[in-house]
Amino acid sequence: MLHEDLNDISDLKEKIEKALVDSNFIELASLSSKLEAIVQLIADNSDYRKNIRKEELDALKNLLIQVKKYEVETEMKFKDYTAMITNQFNLSNAYNLS
């Protein structure tokens, strides 16, 4: 079961990276929720903790690193996006006031 979960996580990572590149924040939120659910299942399952192999543990450690990277990238992209929207709004208002 853990192997299937790790495969699902790998697929989600690829989709998350694409959503980040595309600045698709709606898709990113959905994918993040799915990722969180899978990780929570792994964390809550005592059988996983008892029987985890080194490769699986390494994969989970790498996942933690990736998640932190995604957090930073998402924050930066969202700041850029909101700044762009604010600038567009201000330019639109300035044009309409002219």
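A search for side-chain hydrogen bond (donor to acceptor under 3.5 Å, both in side chains) contacts involving Lys34 returns nothing, not counting sequence neighbours. Residues passing the salt bridge (charged side-chain N to carboxylate O under 4.0 Å, His left out) test with Asp44, sequence neighbours excluded: none. In this structure, the salt bridge (charged side-chain N to carboxylate O under 4.0 Å, His left out) partners of Glu55, at least two apart in sequence or on a different chain, are Arg53. With sequence neighbours left out, the side-chain contact (heavy atoms from CB on, under 4.5 Å) criterion links Lys15 to Leu31.
Separation of atoms CE (Met84) and NZ (Lys77) is listed at 10.5 Å; rounding is to 0.5 Å. Separation of atoms CD1 (Ile9) and CG (Asn62) is listed at 11.5 Å; rounding is to 0.5 Å. Taking OG1 from Thr82 and CG from Asn87, the interatomic distance works out to 9.5 Å, rounded to the nearest 0.5 Å. Ile16 contributes atom CD1, which lies 6.5 Å from atom CG of Leu28 (distance to the nearest 0.5 angstrom). With values rounded to the nearest 0.5 angstrom, Leu35 atom CG is found 11.5 Å from Gln40 atom CD.
For the pair Ile65/Lys69, no side-chain contact is recorded, criterion being any heavy-atom separation below 4.5 Å from C-beta on. Between Glu17 and Glu73 the shortest side-chain heavy-atom distance does not fall below 4.5 Å. Side-chain contact check for Leu63 versus Lys13: some heavy-atom pair is nearer than 4.5 Å. With a 4.5 Å cut-off on side-chain heavy atoms, Ile85 and Gln88 count as touching.
In this structure, Val67 is not a member of the same hydrophobic cluster as Leu41, with clusters built from ILVMFWY side-chain heavy atoms closer than 4.5 Å.
Ile38 and Leu12 make their closest contact through CD1-CD1, 3.7 Å (heavy atoms, listed as atom of the first residue, atom of the second, distance).
Sequence neighbours left out, the pairs with a member in residues 78-95 that pass salt bridge (Lys or Arg N to Asp or Glu O under 4.0 Å) are Glu75-Lys79. Listed by first and then second residue, the ring pair (Phe, Tyr, Trp, His ring centres under 6.0 Å) pairs involving residues 49-78 are Phe25-Phe78 (not counting sequence neighbours).
Crowding of Met76 atom CE: a count of heavy atoms from other residues, nucleotides or ligands under 6.0 Å not exceeding 12.
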